[in-house]
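Structure record follows, encoded as C-alpha cells.
Computation of the quantities below employed the complete heavy-atom set of this structure, encompassing side-chain atoms and omitting hydrogens, waters and symmetry-equivalent molecules. Chain naming here is simple, since letters A, B, ... match the order of the sequence lines and numbering starts at 1 in each. These numbers were taken from a predicted model, which means no experiment stands behind them.
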Protein chains: 2
Amino acid sequence: MIPSQSAKITALRIGAMNFDVSDTMLNSFRTNVQHIPANKFLLQDGEDGGKIIVVIDGWLSTSKTSLHGEVQLIDFVLTGDVADPTAADGKTAGLDVEAVTDALVCIIPLTIWHTMLAASPKLARANEHVQAAERARLSERMLRLGRGSAESRIAYALIELSLRLRPLGLLENVSFHLPLTQRHIGDFTGLTAVHVCRTLRRFVRNGVVETADHMDIRINDLKALSEIAGVEPARLAAEITPVPD
Amino acid sequence: MIPSQSAKITALRIGAMNFDVSDTMLNSFRTNVQHIPANKFLLQDGEDGGKIIVVIDGWLSTSKTSLHGEVQLIDFVLTGDVADPTAADGKTAGLDVEAVTDALVCIIPLTIWHTMLAASPKLARANEHVQAAERARLSERMLRLGRGSAESRIAYALIELSLRLRPLGLLENVSFHLPLTQRHIGDFTGLTAVHVCRTLRRFVRNGVVETADHMDIRINDLKALSEIAGVEPARLAAEITPVPD
DNA sequence: CGCCGATTTGAGTTCAGTCAATTTTGGTGG
DNA sequence: CCACCAAAATTGACTGAACTCAAATCGGCG
C-alpha cells in the first residue's frame, strides 16, 4: 500500500481505462509520482491551484471549510480519479485536497495536462468519463444533502462507496472496508459524528448492515438499504461509475 | 426577451468570452438555436443525453428528483453557461434540465461539441472556465447544504445569484430581479417554501434586504448578508464567475 | 368575477444537534 | 507484556431549528 517515495509505475488507470505510461506522450505520469502520507493536505482552498491530481492508489478527499470551521467533504477521490481543484479564475484552488489514507498520486500542471489531453484522444475520453461520473455523484449527493434524512444520506453513502470500490476490486461480495472515521462520514453526509453513530447502530440493529472492526462494512440487505437511500443500485452504478471505452 | 423560434444570432457568449459565430468552425451554434418556453423540460434524468446545452438568453435549471418526488435544484444555468447533463455512461442524462424562464439555447450533440472544442482552443478555454465556475459553485452550495443554517443558505443564494447577474448586466447597483418563486429558492437551498418565506421576511425585518413585487431583490446591507452567508463577496466572485481570457 | 397558485403567518411536531459521561480502541513507551 | 494516553465510538438527556398542517390573504389571468 505504501510504495517508496519515487515509485516506478508502468501502467496507470484513469477511470475504467488503462494506460501504458511508457508512451512519451504520457511521460508526465511517470515523472510526477508522489507519495502522500495520510491526513496531509495536498492543496488548500485559496492557494495556488492550476494543477490536477491523478490518484494511483489510496483515498483522497476534496472538501470545503466554512468560516466557522465546519467541514463538508465534497467528494472522495479514488484510484483512477482525477481531482481538479481549479476555481473559475483558472489559478487558485477552490477546494481543500487531503490524503485520507497514505496515497500515491501524479500531480500535473494544468498546461501540461491540457497538452496531454489534446495529444491522446483516449486519455481525453477517459477524463470525460471520470468528470461525468464525478458530476453525477455530486448531484446525487446534493439531492440527499438538501432533501434526505440522516438515514437516507448514510445509506446512500454506503451504496455509493460500495459501487465505487467494486471496479477497483475492493468489494468482496457485499463487504468492504472504509478507511474512514465516523467523523469523515459525518463530514461527507452533513451530519454530526454522533448522529452517524446512532444511525449506523440502528442499521445494524435492524439487520440492514453489519460492521466489524473499524469500518469493515457488510451490506446484509441491499434491498432495504437501497430503499432507504432512495436508489436503484444498477442505475446508480451506470451513472456514477466510469465505464471502459 | 423572447426572440422568434429560429432566431438568427451572430455573436454568442461562452463564460466571459464572446464568439463570432460566422466562423465555420462554430457553425453549429447558428444552426441549433432553439427557443424554449418557461417551465418546459429540455431533458429528463435517465433519458437519452449525449448533448450539451449552451444558454444564449434566459434561465435554465438543472435538478434531481427523489423517488418521493422531492426536488433539489443543482444549479441555475444562465447566459454563457453550458449545461452538460451527461452521466458516466456517456449516453444517458443524469439530471433534469428545465427552462425556468423563456429561454434561447443551442443544443449540440456531444460528438460535435468535442470537435468544436478541439478546433477552437479559445472555445475550449472558455468552456474550461465555465466548468470550473460551476464546480466551484456546487462546492460552495454543498458546504451550505450540509453545514449551513437556513439563513446562511438563503443569504448565500442571494449573493451568488447577484454575483452571477453582474457580468450579464442584470445587477443594478445592489438590486436585481429573480425570475423565481419561493418554491424555486426552497428547491435550490434544500428548504421548504414556507421556511424560505419566513427567512426572507426576517431579512427584510432586519433591514438586510428589501423585496419588491415578485422577487425584485435589493441588498441593503451586503456586509451583514455576507456575514450570514459566511462569504467574502470579492473572493467568491473570483471563484464562481468565469473571467475573460 | 372567480379561480388557482403563491405568499404569509400561526401552532404544534420532529429530527438532528448539543452537551456530557462512559467505554472501546489503537498506539507508545517502559 | 503491560500501563497509559488520546482519539474514536457509544449512549443518554435535553434543545432547537426547520418541518408539517392549516388558515388567511394576495395576485394574475381567463
For the pair B:W59 and B:F76, name the ring-plane relationship: parallel under 30°, tilted 30 to 60°, perpendicular over 60°.
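The arrangement is perpendicular - the two ring planes meet at more than 60°.
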Protein-nucleotide distance ([X], atom [atom1]; [N], atom [atom2]), rounded to Å:
{"X": "B:L191", "N": "D:dT20", "atom1": "CG", "atom2": "P", "value": "11 Å"}
{"X": "A:D216", "N": "C:dG26", "atom1": "CG", "atom2": "P", "value": "11 Å"}
{"X": "B:L145", "N": "D:dA17", "atom1": "CG", "atom2": "P", "value": "19 Å"}
{"X": "A:M215", "N": "D:dA7", "atom1": "CE", "atom2": "P", "value": "18 Å"}
{"X": "B:R147", "N": "C:dG17", "atom1": "CZ", "atom2": "P", "value": "8 Å"}
{"X": "B:R144", "N": "D:dA18", "atom1": "CZ", "atom2": "P", "value": "15 Å"}

From CA spacing to verdict: side chain to side chain contact (heavy atoms under 4.5 Å, CB included), B:R141, B:L138
CA-CA 5 Å; B:R141 255 182 271 121; B:L138 293 198; 3.6 Å; yes
Answer with base, sugar-phosphate or nothing: what part of the nucleic acid does B:G148 contact at a heavy-atom distance below 4.0 Å?
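Touches nothing.
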So which heavy atom on A:A136 is nearest to which on A:E239, and how close?
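Here A:A136 and A:E239 meet closest at CB-O, 3.2 Å.
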Taking all non-hydrogen atoms of both residues into account, name the closest pair between A:G80 and A:V130 and its distance.
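Looks like O-CG2, 3.7 Å.
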Out of A:I53, A:V54, A:I108, which residue meets the side-chain contact (heavy atoms from CB on, under 4.5 Å) rule with A:V82?
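Only one of A:I53, A:V54, A:I108 forms a side-chain contact (heavy atoms from CB on, under 4.5 Å) with A:V82, namely A:V54.
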With distance as the sole test, does A:R153 use its side chain to make a donor-acceptor pair with the main-chain N or O of A:T189 at under 3.5 Å?
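The answer is yes, because a donor-acceptor pair under 3.5 Å joins these two groups.
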Presence of salt bridge, A:E227 and A:K223, under 4.0 angstrom:
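Salt bridge between A:K223 and A:E227, a charged N being under 4.0 Å from a carboxylate O: no.
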Check this one for me: any side-chain N or O of A:T192 less than 4.0 Å away from OP1 or OP2 of C:dG17?
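Answer yes for this pair, as a side-chain N or O of A:T192 is under 4.0 Å from OP1 or OP2.
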Could you say whether A:D213 or A:E70 is positioned toward the 5' end of DNA chain C, judged by the nucleotide with the nearest heavy atom to each?
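Result: A:E70.
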Between B:E151 and A:T211, which has a closest nucleotide on DNA chain D that is more 5'?
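Result: A:T211.
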Please work out which residues in residues 194-205 of chain B have a non-hydrogen atom less than 4.0 Å from an atom of DNA chain D and list them by number.
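Correct list: B:H195, B:R198.
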Does a side-chain heavy-atom distance below 4.5 Å link B:L163 with B:E160?
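B:L163 vs B:E160: side chains apart.
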With a 4.5 Å limit on heavy-atom distance, are the side chains of A:L158 and A:L178 in contact?
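Side-chain contact under 4.5 Å: yes.
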Under 3.5 Å, which N/O atoms of the protein pair with N/O atoms of nucleotides 3-6 of chain C?
none

